[in-house]
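The structure appears right after this line, and notes come after that.
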Amino acid sequence: MITTLFQILGGLALFLLAMGMMTDGLKNSAGHQLRHILGVWTKTPLKGFGTGVLITGVVQSSSAVTVATIGFVNAGLLNLGQSLGVVFGANVGTTMTGWLVSLVGFGIKIEAFAMPLLATGMALKLLGPGHRSKSLGEALAGFALFFLALSLLKDSLGVLTDEFNGEGIVGQGYGLPLYVLFGLLATMLTQSSSAALAIILSAAASNLLTLDNAAAAVIGANLGTTSTAALAVLGATANARRLALGHVIFNLVTGLIALTILPVMLWLVAILANWFELGAHPAISLALFHTLFNVLGAMIMLPFAPQFAYLLSRMFRGQEEDNAEPRYLDKTLVKTPELAIAAVDQEMKRLIDLTRGLLRGCIDREALKVDQIQPKSEAALNLNTAITDYISKLRSERMQASTVEALARSFATCRYLTEAIHSAPALLRLRDAGVFPERATLKQELTDYLAELRQLISADVATPEQFAEAEHAYHRLKSSMLKLVIQQALPIENGERSLDDLSAVRRLSDQWYKALNWFPTTESSASATPAVLAEG
């Protein structure tokens, strides 16, 4: 018995190693294409669903796809609705593992093709001409080990069945919830639903589990995949946490539906297996069941993805997202622009304060860290968009000239502030530039330039004198950097990168100065507006 248990554990370890090699090899050999697909082919929840199915079927890891999707959401490259479709598709795509196990693992003599495949894969990995071929070799070797591990698990569990005198562990009256828990724990402990699925299918094929108990364990394994996503969002953005919660809710709803109608689903599985002439092997029936209830869950949830995304968006709300919501824009004033101007003005003051806080944080060394800039930028940009959208909806019929001018001033200010917000990362990089501490003069000039910018950004009224002082400091810093690059005292690559950031920061200060003068926040600044309007 002890020897058999060690063989089962060894087979499981080999299976996990094989899955890791397959996933890593495929991701590395086709990583750019997969990232492109994930980033571009997800414009709607339905397209995201198809993309999730495709990529998960290729890399054989729903956890890897889910974690990658969370990363895209964290970076702001996918919105919540798009990413939900990808996660739903990943759950369907992971059922490919069950089909591989059932159709290949139990249908033919594994060693007949696994050993040549392993030799070919290792030859490519060791002797391949490029990174892609080496990664493909790793994936092939992992594919071979996948089936060798499956063979070891199947034989070991078969021996365990003999130890139970052919009775297995069925019919003991434990109930389906215990088998759901078994599948859940197996996935959480191995961090691989594929490994848990392989154990369950092998146990069913060896008569250790009846079909209904094994189906309950498959449901548990499906629920266990959410643990990886939950771990991935620790310390992540609110949107990433919402996606992880959406993943958990989807798997819970799907699992509860499948468990509630389990007899009906198994009856349908038997009909479909007979219809497609798949045979009555337990592993094939379980693979079909796994696919069926995931597809059923996706069919139920996918049409409601926008509403689901909206509900999730109301959760995990932070201060930045509350700041991004307009507080004064009233839809009932759309038909009376003269009354809406006051509301727009109030939101514009909030937007300027938000942007000022972002830019001040980028200058002050302890005020803002790199991972904090994105939520603050998103809050300012979202409020900016809300204001411009509101202005565009105001009725222009019979609008007074003064109203047109005021709204145009607000609209133009939004455009200036947008450019300033987009340039904020360059200000943060310039502040933390690693090349300056080695050059005392350069470091001092950077400090002087940041001090002038701080004054310009902090002032309620940006005067021409303040802007001129910032410009002088910019030119001094740029001149010193160029001299050091020419003298090769500063590496060209570092110098060019810092010069690009410096140019972006200069653009930022120019846009900020214009924004404050286009939209005067105090009475004393109103006199500066005509000059800037004329300047354009």
Side-chain angles (χ1 to χ4, degrees), residues 73-77 235-240 317-329 344-389 410-433 446-447 449-462 466-467 470 473-474 498 500-522 525:
V73 173
N74 226 6
L77 300 176
T237 63
N239 252 351
R317 294 187 65 82
Q319 182 180 353
E320 300 302 338
E321 287 182 297
D322 289 335
N323 288 337
E325 292 290 331
R327 299 175 186 174
Y328 304 102
L329 303 182
V344 173
D345 286 351
Q346 291 295 323
E347 293 295 355
M348 286 300 302
K349 291 175 182 177
R350 288 188 60 231
L351 176 59
I352 289 173
D353 287 340
L354 275 178
T355 308
R356 178 183 282 114
L358 170 67
L359 302 182
R360 277 294 303 269
C362 290
I363 292 175
D364 296 333
R365 184 166 296 278
E366 300 301 327
L368 189 66
K369 295 181 173 59
V370 176
D371 59 351
Q372 296 173 321
I373 191 172
Q374 183 187 323
K376 289 184 178 295
S377 297
E378 286 181 354
L381 288 172
N382 288 340
L383 182 57
N384 195 316
T385 301
I387 294 171
T388 55
D389 287 348
S410 296
F411 193 84
T413 303
C414 286
R415 288 174 57 84
Y416 289 135
L417 291 175
T418 298
E419 289 200 52
I421 293 165
H422 284 310
S423 300
L427 179 57
L428 195 66
R429 289 193 299 269
L430 190 66
R431 181 198 77 177
D432 295 331
L446 172 63
T447 302
Y449 181 46
L450 293 178
E452 295 295 342
L453 284 178
R454 186 182 292 107
Q455 289 188 5
L456 181 67
I457 291 168
S458 301
D460 289 330
V461 181
Q466 286 175 322
F467 182 69
Y474 159 77
S498 296
D500 288 341
D501 287 337
L502 184 59
S503 296
V505 171
R506 186 198 183 189
R507 177 69 175 167
L508 179 155
S509 65
D510 176 67
Q511 299 301 293
W512 174 257
Y513 174 66
K514 287 183 178 180
L516 286 190
N517 285 283
W518 271 83
F519 187 84
T521 55
T522 63
S525 63

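The CG atom of L359 lies 7.5 Å from the CD1 atom of I421; values are rounded to the nearest 0.5 Å. R415 CZ to T388 OG1: the interatomic distance, rounded to the nearest 0.5 Å, is 10.0 Å. Residue L508 holds its CG atom at 11.5 Å from CG of D501, rounded to the nearest 0.5 Å. Atom CG of L456 is separated from atom CH2 of W512 by 8.5 Å, given to the nearest 0.5 angstrom. Summarising the geometry, atom CG belonging to L383 is positioned 5.0 Å from atom CZ belonging to R350; distances are rounded to the nearest 0.5 Å. One distance of note links OG1 of T355 with CG of N384; it measures 7.0 Å at 0.5 Å rounding.
Between L351 and C414, the shortest heavy-atom distance links the atoms CD2-SG, 4.0 Å. The shortest non-hydrogen separation linking Y513 to A462 is CE1-O, 3.3 Å. When all heavy atoms of S410 and V344 are compared, the pair lying nearest together is OG-CG1, 3.8 Å. Between S503 and Y474, the closest heavy-atom pair is OG-OH, 4.3 Å. Residue L430 comes nearest to S498 through the heavy atom pair CD1-O, 4.0 Å, listed as atom of the first residue, atom of the second, then distance. When all heavy atoms of A473 and E452 are compared, the pair lying nearest together is CB-CG, 4.1 Å.
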>> Using the rule given for side chain to side chain contact (heavy atoms under 4.5 Å, CB included), can you reason through R454 versus D364, listing the C-alpha separation, both sets of side-chain angles and the distance that settles it, and then say yes or no?
In response: CA-CA 9 Å; R454 186 182 292 107; D364 296 333; 2.9 Å; yes
>> Applying salt bridge (Lys or Arg N to Asp or Glu O under 4.0 Å) to D510 and R507, what does each step give before you reach the verdict?
In response: CA-CA 5 Å; D510 176 67; R507 177 69 175 167; 3.8 Å; yes
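With E347 contributing its side chain and R327 its backbone, the two residues share a donor-acceptor pair below 3.5 Å. Without hydrogens or angle criteria, R356 side chain to I457 main chain gives a donor-acceptor distance under 3.5 Å.
With contacts defined as side-chain heavy-atom distances shorter than 4.5 Å, the pair I387/P326 does not qualify. Side-chain atoms of H422 and L381, non-hydrogen and from C-beta on, do get closer than 4.5 Å to each other.
Applying the side chain to side chain contact (heavy atoms under 4.5 Å, CB included) criterion to L450, with sequence neighbours excluded, gives I363, L427, R431, L446, L453.
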